[in-house]
Amino acid sequence: MRIATWNVNSVRQRLGHLLDFLKEAEPDALCLQELKCMDADFPRREIEEAGWQVETHGQKTFNGVAIISRSKLEDVRRGLPGDESDEQARYLEGVLPLGTGVVRLASIYLPNGNPPNTEKYPYKLNWMRRLTAHAKELLAHEEPLVLAGDYNVIPEPRDAREPAAWVDDALFLPPTRSAFRGLINLGLTEALRATTDTPGLYTFWDYQAGAWQRNNGIRIDHLLLSPQAADRLAGVSIAKHVRGWDKPSDHVPVLVELRPQ
DNA sequence: ATGGCAGCTTTGAGCTGA
């Protein structure tokens with residue numbers, strides 16, 4: 001089974017790339033972030049006509065997450081629990097029924113948090129606390145679980161081409177990295193680092209200053225696996241070539257392959 | 001040292017992203 005995550009930076013701008021990637025990668029499910037549109041404006045018809053099921057949790061202008069899958073997503077949850085006043089569409093969760101069992105899957109768009117000296121940073125840290133609390137509840141189910149998305153967290157210096165440039169950034173500040181470790185320490189496995197120690201693996205390259213051409217990237221899109229999912233981990237890949245397509249997203253897809261149960 | 005791009009909306013200058 002193949003599960004992918006991709007921050008598309010506007011699903012309407014990226015529809016062509018999205019359909020191409022689905023055809024090329026043939027995932028069982030693809031988590032999307034940064035739809036930048038309301039549910040009514042999501043290009044649902046085009047994706048369904050290509051043979052996919054679609055669940056969305058959209059928002060006007062900003063944020064928005066979705067899960068595209070071959071089989072229909074069940075037990076769908078929209079929004080991260082823990083703050084009824086939070087109106088930002090950053091979390092979508094459901095259960096994928098499979099021939100050999102089920103996998104619970106979440107599409108996550110964790111807040112950026114910049115600039116750190118504003119209310120945006122405590123919002124990010126609080127969101128991470130809520131995610132950790134919710135993940136703890138999900139882990140109690142002792143089932144295959146994949147928490148996939150744009151975490152806006154650079155876990156370690158080796159996950160940035162120029163770590164010194166990020167030391168004062170919300171993506172790399174010590175409280176951010178500490179909160180990410182706290183999430184992992186619940187018992188989750190970060191899929192890519194379970195398979196390789198190679199530096200220079202990135203999932204985001206800024207549009208500015210020739211970041212892509214200079215390979216000045218950061219690794220901020222992650223898939224976290226419960227023990228029951230990690231036991232089945234067969235491989236991880238970063239679809240780096242997608243960043244070279246015409247009019248690309250600034251993020252590329254990340255994929256995990258899980259063995260059958 | 002700085003800004004540089006892209007996408008959104010109040011459709012055009014300002015916000016946001018990372």
Side-chain angles (χ1 to χ4, degrees), chain A residues 5-18 21 31-43 56-66 86-91 107-128 131 148-177 179-180 192 200-222 238-240 242-254:
Chain A
T5 181
W6 188 14
N7 178 324
V8 288
N9 187 18
S10 170
V11 69
R12 289 177 293 180
Q13 290 294 324
R14 227 62 64 199
L15 178 60
H17 286 194
L18 176 55
F21 177 72
C31 298
L32 299 179
Q33 300 88 37
E34 278 212 86
L35 306 180
K36 293 190 170 181
C37 69
M38 296 183 290
D39 290 343
D41 298 320
F42 186 94
T56 62
H57 181 38
Q59 179 182 338
K60 185 180 166 76
T61 312
F62 303 119
N63 309 319
V65 286
D86 183 3
E87 294 180 342
Q88 300 191 26
R90 297 178 173 277
Y91 187 89
S107 181
I108 291 166
Y109 180 42
L110 207 145
N112 173 304
N114 280 308
N117 61 347
T118 67
E119 73 289 344
K120 289 173 185 288
Y121 192 55
Y123 173 72
K124 174 178 191 152
L125 293 179
N126 190 48
W127 206 95
M128 294 181 85
L131 178 61
D150 175 2
Y151 281 77
N152 272 313
V153 174
I154 303 167
E156 298 181 49
R158 62 179 169 172
D159 298 311
R161 174 66 177 263
E162 296 179 22
W166 297 94
V167 292
D168 295 321
D169 193 283
L171 278 61
F172 194 55
L173 281 170
T176 304
R177 296 171 57 196
F180 188 70
L192 185 118
L201 299 174
Y202 310 127
T203 64
F204 169 92
W205 296 260
D206 201 291
Y207 289 121
Q208 304 181 63
W212 167 244
Q213 289 75 12
R214 295 166 42 228
N215 194 28
N216 182 15
I218 50 176
R219 195 175 70 88
I220 55 175
D221 299 271
H222 310 297
I238 299 173
K240 185 175 180 180
V242 171
R243 187 64 175 78
W245 290 354
D246 187 47
K247 295 250 179 193
S249 169
D250 40 9
H251 297 248
V252 297
V254 185

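What you are looking at is a predicted structure, and each value in this text was computed from that prediction instead of being measured. Throughout, a chain's letter reflects where its sequence line sits, starting with A, and its residues are numbered from 1.
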Whole angstroms only, please: what is the [atom1]-[atom2] distance between [X] and [N]?
| X | N | atom1 | atom2 | value |
| --- | --- | --- | --- | --- |
| A:Gln88 | B:dC8 | CD | P | 18 Å |
| A:His251 | B:dG7 | NE2 | P | 13 Å |
| A:Trp166 | B:dA18 | CH2 | P | 10 Å |
| A:Asp206 | B:dT2 | CG | C1' | 14 Å |
| A:Asp169 | B:dG17 | CG | C1' | 11 Å |
| A:Arg243 | B:dA18 | CZ | P | 13 Å |
| A:Lys247 | B:dA6 | NZ | P | 7 Å |
| A:Ile218 | B:dG17 | CD1 | P | 14 Å |

Nearest-angstrom distance, [atom1] atom, [N] to [M]:
| N | M | atom1 | answer |
| --- | --- | --- | --- |
| B:dC15 | B:dG4 | P | 15 Å |
| B:dT10 | B:dG14 | P | 15 Å |
| B:dT11 | B:dG7 | C1' | 13 Å |
| B:dG12 | B:dA6 | C1' | 15 Å |
| B:dG3 | B:dA18 | C1' | 15 Å |

Note to self: I'd like to know if the side chain of A:Thr203 reaches the main chain of A:Ile220, judged simply by a donor and an acceptor atom lying under 3.5 Å from each other, with no hydrogens or angles considered.
What the structure shows: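 Side chain of A:Thr203 to backbone of A:Ile220, a donor-acceptor pair under 3.5 Å: yes, one is there.
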[X] side chain N/O closer than 4.0 Å to the phosphate oxygens (OP1, OP2) of [N]?
| X | N | result |
| --- | --- | --- |
| A:Gln208 | B:dT2 | no |
| A:Ser10 | B:dC8 | yes |
| A:Tyr121 | B:dA18 | no |
| A:Arg14 | B:dA6 | no |
| A:Lys36 | B:dA6 | no |

Counting any heavy atom closer than 4.0 Å, what does [X] reach on the DNA or RNA strands: base, sugar-phosphate only, or nothing?
| X | value |
| --- | --- |
| A:Asp150 | sugar-phosphate |
| A:Tyr109 | sugar-phosphate |
| A:Asp221 | nothing |

Notebook entry, point to check: How many angstroms lie between atom CG of A:Leu35 and atom CG of A:Asn63, to the nearest 0.5 angstrom?
Noted result: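 The CG atom of A:Leu35 sits 9.0 Å away from the CG atom of A:Asn63.
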Check: Side-chain donor-acceptor pair under 3.5 Å between A:Asp169 and A:Asn114, yes or no?
Finding: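 Yes, side-chain donor-acceptor contact under 3.5 Å.
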Next item on the list: Would you tell me whether A:Thr176 and A:Tyr121 have side-chain atoms, one donor and one acceptor, within less than 3.5 Å of each other?
Entry: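 A:Thr176 vs A:Tyr121: donor-acceptor pair found between side chains.
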Item checked: Residue list, side-chain contact (heavy atoms from CB on, under 4.5 Å) with A:Ala209, at least two apart or on another chain ->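 Only A:Arg214 meet the side-chain contact (heavy atoms from CB on, under 4.5 Å) criterion with A:Ala209.
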Check: Starting at the 5' end of DNA chain B and moving along, which residue's nearest nucleotide shows up first, A:Tyr207 or A:Pro111?
Finding: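 Whichever sits nearer the 5' end wins; that is A:Tyr207.
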Check: Which residue lies toward the 5' end of DNA chain B, A:Lys60 or A:Lys120, if each is placed at its nearest nucleotide?
Finding: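 By nearest-heavy-atom nucleotide position, the 5'-most residue is A:Lys60.
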Margin query: Is the shortest side-chain heavy-atom distance between A:Leu110 and A:Lys124 below 4.5 Å?
Written below: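 A side-chain contact under 4.5 Å exists here.
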Check: Are the side chains of A:Val11 and A:Thr56 in touch, meaning some heavy atoms are under 4.5 Å apart?
Finding: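 Not in contact.
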Kindly point out which of [options] is positioned nearest to the side chain of [X]?
| X | options | value |
| --- | --- | --- |
| A:Arg12 | B:dC8, B:dA18, B:dT16 | B:dC8 |
| A:Ala209 | B:dG4, B:dG7, B:dG17 | B:dG4 |
| A:Asn152 | B:dC8, B:dA18, B:dG4 | B:dA18 |

Notebook entry, point to check: Do the side chain of A:Asn9 and the base of B:dA6 come within less than 3.5 angstrom through a donor-acceptor pair of N or O atoms?
Noted result: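 No, no donor-acceptor pair under 3.5 Å.
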